[in-house]
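This report concerns only the one structure given below.
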Amino acid sequence: MKTITTAVRGALLAGAVALPFAAFATDGYFSDGYGIKSKGMGGVSIATASDSMGGANNPASMFFVGNRVDAGLDLFSPHRYAKREGSMQGMIDFAVDSDSTLFAIPEFGYNTRYNKDVTLGVTVYGNGGMNTDYEGGQINCSPLGGPSSANGLCGFGRLGVDLMQLIVAPTIAWQFSPNHAIGVSPLLAYQRFRIQGVQLFAMLSQAPENVTNLGYSNATGFGVKIGYMGKVGPVNVGAIYGSKVNMGKFDEYKGLFAEGGAFDMPEHYGFGVSFKPAGNWMVGVDYKRINYSEIASVGNPSTNQAPLGADNGPGFGWQDVDVWKFGAEYQATPELLLRAGYSKSDNPILARDVTFNILAPGVVKDHYTLGFTYAIDKSSEISGSFVHAKKNSVTGASLFNGLAPAPVMGSETISMYQNSLGIAWGKRW
């Protein structure tokens, strides 16, 4: 009972610390990896067991890591850019970089062996990444019914969104046969959202007073993640399924998001393998599918002919994505373990939806990673990771073409690249 109480206290503390900082945008708005060790290996984690981040990666892996605690910090730096060109003799052309380019992202995990076949643990992690902050006063939107000194989407003041999602995942893992385990993690989720500077969108909404500049709106919800991990000959195999996390509605923004402010977290699933081709080497491959299109506020096309906030109202138009992750570990010395990896994700954003996604340009696809773990002593270690997400861009016709009295004839481009540098401490007993 004491160990369970310790885990709960640790989870609450980590959640309180992590909440103001949760910001990602990599595999859509899922992280490219959960845990510094996973991030250093291209995000590979479904068939590996190296830390207590299993509630985010594969709950079954918690059985194989035994007694340990992990705490880390990732310095995440996304660079977002948006522009419009070719509009009304350049009247509403703009080009702007998003401010807010550095975030500190904590992580926490704890696991303990309850008996020879069962472990109990908890993982705290975040999603998010629709965080943008563009300056205003760049263009003259009076021909569209907006202000003469406006931001890129013809609203007043600064333009941007802030979405943060925090998940606490208590985890039980059970070895049902030698070298084979299953795990279950209830997902206790909290999220908050804020948007500013989209006053022009109010005329497209069924609830125009609930569209923009209303501060933070909060919601809680519940889902579940289940996982399997086992050893088949020399190969470790794993599989995961994460349910849709059903969230309460963002009531303050019921005129913006489809279904009256609904913003659930999408279903996802995947599988992985890892093996040792030589004594000092371990390699792994993961596949993950994230079903963004099933969440109306995320997946509905921005071109839907319905009011904002309606069940079939416009959304961000995100497509489902397939993600492949490849990674390797090399035991360079008894104390030093080196990692490298590569991750390839689909881009969820189509050209037709670029205008809405100026707010959330989650278009990166290619991640290149490096990492290490150094053993301080027999029970403690330090791990580090570096991730670079290559710049990617999407260009499409501006939705303002349909709003202007005459065709705007403009196109818009969104782009992003990212870097992150992380460090974590782990201890086993």
Side-chain angles (χ1 to χ4, degrees), residues 24 26-27 30-62 64-65 68 70-76 105 107-109 111 123 125 227 229 231 234-240 268 270-288 290 322-345 364-375 381-390 418-426 428:
F24 298 91
T26 48
D27 298 338
F30 281 39
S31 176
D32 60 301
Y34 297 99
I36 298 302
K37 291 183 177 180
S38 171
K39 290 178 77 70
M41 199 174 164
V44 169
S45 62
I46 295 176
T48 62
S50 57
D51 58 26
S52 52
M53 297 300 293
N57 294 318
N58 183 346
S61 70
M62 298 287 256
F64 299 101
V65 303
R68 68 176 294 130
D70 297 275
L73 186 72
D74 194 46
L75 297 177
F76 175 65
I105 315 298
E107 65 183 42
F108 174 79
N111 197 56
T123 303
Y125 63 102
M229 184 176 288
K231 191 174 183 65
V235 179
N236 294 319
V237 296
I240 60 166
H268 61 282
F271 59 83
V273 297
S274 68
F275 63 97
K276 292 187 173 183
N280 288 352
W281 286 90
M282 189 269 281
V283 297
V285 179
D286 283 1
Y287 164 79
K288 183 185 288 186
I290 308 172
D322 295 309
V323 187
W324 286 94
K325 301 177 183 293
F326 308 89
E329 289 183 345
Y330 175 67
Q331 191 76 53
T333 72
E335 296 82 16
L336 181 62
L337 182 64
L338 301 176
R339 299 184 180 88
Y342 168 73
S343 174
K344 178 75 171 182
S345 173
V364 293
K365 300 189 295 182
D366 300 284
H367 299 77
Y368 305 89
T369 75
L370 295 170
F372 74 91
T373 293
Y374 182 79
E381 62 190 24
I382 292 290
S383 298
S385 68
F386 173 76
V387 180
H388 172 69
K390 180 182 175 182
Q418 303 166 355
N419 293 304
S420 71
L421 184 65
I423 190 166
W425 168 83
R428 57 186 181 277

Keeping the roles fixed (side chain from Glu107, backbone from Ile36), state whether a donor-acceptor pair exists under 3.5 Å. yes
Would you say NZ of Lys344 has more than 12 non-hydrogen atoms from neighbouring residues, nucleotides or ligands within 6.0 angstrom? yes
Before you tell me yes or no, could you show the steps for Arg428 and Glu381 under salt bridge (Lys or Arg N to Asp or Glu O under 4.0 Å), namely the whole-Å CA-CA distance, both residues' side-chain angles and the distance that decides it to 0.1 Å? CA-CA 9 Å; Arg428 57 186 181 277; Glu381 62 190 24; 3.4 Å; yes
Could you grab the distance from atom CD of Gln331 to atom NZ of Lys276, nearest 0.5 Å is fine? 8.0 Å
How long is the gap from CG on Asp74 to CG on Leu421, to the nearest 0.5 Å? 7.5 Å
Please walk me through it: do Asp70 and Arg68 pass salt bridge (Lys or Arg N to Asp or Glu O under 4.0 Å)? CA-CA 7 Å; Asp70 297 275; Arg68 68 176 294 130; 2.8 Å; yes
Here the gap from Thr48 atom OG1 to Met282 atom CE, rounded to the nearest 0.5 Å, amounts to 5.5 Å
Can you name the nearest heavy-atom pair linking Ser61 to Ala49, along with the distance? O-CB, 3.8 Å
Please assess His388 against Leu370 for the test side chain to side chain contact (heavy atoms under 4.5 Å, CB included), listing each intermediate value before the final yes or no. CA-CA 9 Å; His388 172 69; Leu370 295 170; over 6 Å; no
Evaluate side chain to side chain contact (heavy atoms under 4.5 Å, CB included) for Phe275 paired with Val283, printing each intermediate quantity in order. CA-CA 6 Å; Phe275 63 97; Val283 297; 3.5 Å; yes
Angle class for the Phe271/Tyr287 ring planes (parallel below 30°, perpendicular above 60°, tilted otherwise)? tilted
Testing the basics here: between Ile46 and Ala239, what is the closest heavy-atom pair and its distance to 0.1 Å? CG2-N, 3.7 Å
Side-chain donor or acceptor of Ser31 paired with backbone N/O of Tyr34 under 3.5 Å: no
CZ-CD1 distance between Phe76 and Ile105, expressed to the nearest 0.5 angstrom: 7.0 Å
For Lys365 and His367, work out which heavy atoms get closest and say how close. O-ND1, 3.7 Å
Smallest heavy-atom separation, Met41 atom then Gly284 atom, equals CE-N, 3.9 Å
Who are the side-chain hydrogen bond (donor to acceptor under 3.5 Å, both in side chains) partners of Thr369, not counting sequence neighbours? none
Check whether Ser420 reaches the backbone of Leu75 with its side chain - one donor and one acceptor, N or O, closer than 3.5 Å. no
Compare all side-chain heavy atoms of Val364 with those of Ser345 and state whether any distance is below 4.5 angstrom. no
Salt bridge (Lys or Arg N to Asp or Glu O under 4.0 Å) pairs, two or more places apart, involving residues 47-59: none
Can you tell me how far apart CG (Asn58) and CE (Met53) are? Round to the nearest 0.5 Å. 13.5 Å
Ser385 side chain to Gly371 main-chain N or O, any donor-acceptor pair under 3.5 Å? no
Over all heavy atoms of both residues, which pair between Lys325 and Asp32 is shortest? Give the atoms and the distance, please. NZ-O, 2.8 Å
Evaluate the side-chain proximity of Phe108 to Thr123: yes if any heavy-atom separation is below 4.5 Å, no if none is. no
CZ (Phe64) and CG (Asn236) are apart, to the nearest 0.5 Å, by 8.0 Å
Residues which pass ring-ring contact (aromatic ring centres under 6.0 Å, His included) with Tyr368, listed by chain and number, not counting sequence neighbours: Tyr342
Please confirm whether the backbone N or O of Met62 pairs with a side-chain atom of Asn111, one donor and one acceptor, at under 3.5 Å? yes
Which pair of heavy atoms, one from Val44 and one from Gly327, lies closest together, and at what distance? CG2-N, 3.6 Å
